[in-house]
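None of the values given here were measured: they were computed from a predicted structure.
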Amino acid sequence: MKISTESTLDQKIPKGYRVYQIKGVDGSILAKKGGPSAEDIKNKATYEELRNNQKEFGVASMMSKVLRNSLSEGMSEICETYVSGRLTAQFRNIATFEEGKSGTRPLYLSKHGHNLNGFEFNTTAPYEDIFGAKYFVKSGSRKGQVILHFPAFIPETTFKKPKEATNFKINARLVALSDYQYDMGEKVYRAVNKEFHGKYGSYESPMLPLLKIPIEPMTAQVSLDLKELPDQMALFLVMAVSFYRYENGKFQHLSKESGMTIKQVY
């Protein structure tokens with residue numbers, strides 16, 4: 001079973017599947033045929049818990065999609081095939097930290113987002129394993145600002161890199177995601193700060209060679225271009241190391257050997 005945010009009219013429904021909608025879930029639910037009917041799931045009391053879980057899953061799916069859509073093209077290439085489902089499950093777990101009836105519990109990223117610290121987008125090349133350099137991450141002078149500092153390091157001995165790699169880049173994205181609360185009147189989940197949801201700031205290093213001589217220290221500021229961020233928001237610092245092979249005058253991204261992680265949630 002999965003939730004699609006596209007209109008069912010625009011979908012070609014696979015053979016053996018059916019599509020239905022549940023109030024409070026922003027999207028259509030695609031499920032295999034058999035078992036209870038869509039009408040049963042929508043209305044029968046025996047499936048109330050399932051409906052409530054699907055509501056929370058729907059919000060988590062939207063959060064996952066917003067975060068992934070906020071990444072650069074190169075960063076998105078690092079994501080392994082099933083990262084969407086893994087990330088959605090992590091966001092869905094946020095609801096369990098609050099008391100209340102499932103399907104109405106808030107998803108407070110501002111309180112519990114730190115539980116996603118260390119999430120790896122490519123489990124075959126974990127970011128912390130391939131990038132051995134010591135560096136520093138600290139909050140800036142205002143909310144929505146992070147300072148990165150990389151002391152001088154020798155790339156050839158620092159990275160656990162692919163044999164064919166000749167160059168590398170360091171990328172960072174600071175993405176704002178809103179808390180979600182359940183509207184008891186409308187019986188739907190809503191973003192508390194919708195206008196800030198998905199805003200981001202970015203940093204990308206130059207293309208650097210993988211040599212046995214140290215690179216110069218690098219200091220970067222990653223910030224959202226906003227004067228003030230409200231409460232009930234979380235900031236996700238996503239960091240990536242991309243490896244490249246220079247061949248025939250072009251850089252080829254070795255995305256499957258590159259690493260990316262949620263470094264820290266503020």
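- In this model, no donor atom of one side chain and acceptor atom of the other lie less than 3.5 Å apart for Ser70 and Arg173.
- Shown here for Ser141 and Gln145, the closest heavy-atom pair between the two residues is N-OE1, 2.9 Å.
- In this pair, His253 and Tyr244 present their aromatic rings parallel. The plane angle is below 30°, not in the 30 to 60° band.
- Counting only heavy atoms from C-beta outward, the side chains of Asp179 and Leu107 never approach each other to under 4.5 Å.
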Review point. Should Met233 and Ser110 be marked as a side-chain contact (heavy atoms from CB on, under 4.5 Å) after you check the CA-CA gap, both sets of side-chain angles, and the distance that decides it?
Key: CA-CA 5 Å; Met233 298 285 303; Ser110 58; 5.9 Å; no
Review point. Is there a side-chain contact (heavy atoms from CB on, under 4.5 Å) between Ile78 and Ser242 once you walk through the steps?
Key: CA-CA 8 Å; Ile78 298 173; Ser242 287; 3.5 Å; yes
Report, one line per pair, each donor and acceptor closer than 3.5 Å where one atom sits in a side chain of residues 124-139; sequence neighbours left out.
{"unit_1": "Thr124", "atom_1": "OG1", "unit_2": "Asn122", "atom_2": "OD1", "d": "2.6"}
{"unit_1": "Tyr127", "atom_1": "OH", "unit_2": "Tyr135", "atom_2": "OH", "d": "3.0"}
{"unit_1": "Glu128", "atom_1": "OE2", "unit_2": "Lys263", "atom_2": "NZ", "d": "2.8"}
{"unit_1": "Tyr135", "atom_1": "OH", "unit_2": "Lys263", "atom_2": "NZ", "d": "3.3"}

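- What you find for Lys55 and Gly103 is that their closest heavy atoms are CD-O, 3.8 Å.
- Two rings, from Phe159 and Phe243, have their centers less than 6.0 Å apart.
- A donor atom on one side chain and an acceptor atom on the other are not found under 3.5 Å apart for Gln264 and His114.
- Here the side chains of Ser178 and Gln232 are not in contact, with every heavy-atom distance at 4.5 Å or above.
- Using a 4.5 Å cut-off on side-chain heavy atoms (C-beta onward), Phe196 and Leu229 make contact.
- With hydrogens and angles disregarded, no donor-acceptor distance shorter than 3.5 Å links the side chain of Tyr203 to the backbone of Ile170.
- Tyr180 and His197 have perpendicular rings, their planes meeting at more than 60° on a 0 to 90° scale where under 30° would count as parallel.
- Contact detail for Thr123 and Glu120: the closest heavy-atom pair is CG2-O, 4.3 Å.
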Check your understanding: Would Ile262 and Leu237 count as a side-chain contact (heavy atoms from CB on, under 4.5 Å) if you check the C-alpha gap in whole Å, the side-chain angles of each, and the deciding distance to 0.1 Å?
Key -> CA-CA 6 Å; Ile262 296 177; Leu237 178 62; over 6 Å; no
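- A single hydrophobic cluster is seen to contain both Leu208 and Leu254, as judged by linkage of ILVMFWY side chains at heavy-atom distances under 4.5 Å, directly or through other members.
- Across all their heavy atoms, His112 and Ile94 have their closest contact at O-CD1, 3.2 Å.
- Within the 4.5 Å cutoff, the side chain of Lys161 has no heavy atoms near those of the Phe168 side chain.
- Using modelled atom types, one side-chain atom of Tyr182 and one backbone atom of Lys187 make a donor-acceptor pair closer than 3.5 Å.
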**Study point:** Criterion side-chain contact (heavy atoms from CB on, under 4.5 Å) on Leu224 and Leu235, from CA distance to verdict
**Key:** CA-CA 10 Å; Leu224 278 71; Leu235 298 172; 4.2 Å; yes
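- By the 4.5 Å heavy-atom criterion applied to side chains, Leu211 and Pro155 are not counted as neighbours.
- Of all heavy-atom pairs between Ala152 and Ile215, the closest is CB-O, 3.3 Å.
- The shortest distance between side-chain heavy atoms of Leu71 and Met260 falls below 4.5 Å.
- Checked by atom type, the side-chain pair Arg68/Ser64 shows a donor-acceptor distance below 3.5 Å.
- Not less than 6.0 angstrom separates the ring centroid of Phe236 from the ring centroid of Phe121.
- Distance check: Glu56 CD to Asn93 CG gives 10.5 Å after rounding to the nearest 0.5 Å.
- For Glu99 and Arg105, the salt-bridge test fails: no basic side-chain N is under 4.0 Å from an acidic carboxylate O.
- A side-chain donor from one of Tyr108 and Gln181 sits under 3.5 Å from a side-chain acceptor of the other.
- The closest side-chain heavy-atom distance from Leu174 to Tyr200 is not below 4.5 Å.
- From Lys65, atom NZ reaches atom OG of Ser84 across 9.5 Å, with rounding to the nearest 0.5 Å.
- Glu164 contributes atom CD, which lies 8.0 Å from atom CD of Gln252 (distance to the nearest 0.5 angstrom).
- Of all heavy-atom pairs between Ile147 and Thr219, the closest is CG2-CG2, 4.2 Å.
- In the hydrophobic clustering of this structure, Ile213 does not group with Phe153; members are Ile, Leu, Val, Met, Phe, Trp, Tyr whose side-chain heavy atoms approach within less than 4.5 Å, directly or through other members.
- Side chain of Ser61 to backbone of Phe57: no donor-acceptor contact under 3.5 angstrom is found.
- Put simply, the side chain of Asn193 gets close to the backbone of Asp231: a donor and an acceptor are under 3.5 Å apart.
- Residues Gln90 and Leu116 meet the side-chain proximity criterion, which asks for heavy atoms closer than 4.5 Å.
- Using a 4.0 Å cut-off between a side-chain N of Lys or Arg and a carboxylate O of Asp or Glu, Glu80 and Arg86 qualify as a salt bridge.
- Counting heavy atoms of neighbouring residues, nucleotides and ligands inside a 6.0 Å radius, atom CD of Glu195 exceeds 12 of them.
- Under the 4.5 Å side-chain heavy-atom criterion for Ile, Leu, Val, Met, Phe, Trp and Tyr, Phe119 and Met62 are members of the same hydrophobic cluster.
- For the atom pair CD of Glu73 and OG of Ser255, the computed distance is 11.0 Å after rounding to the nearest 0.5 Å.
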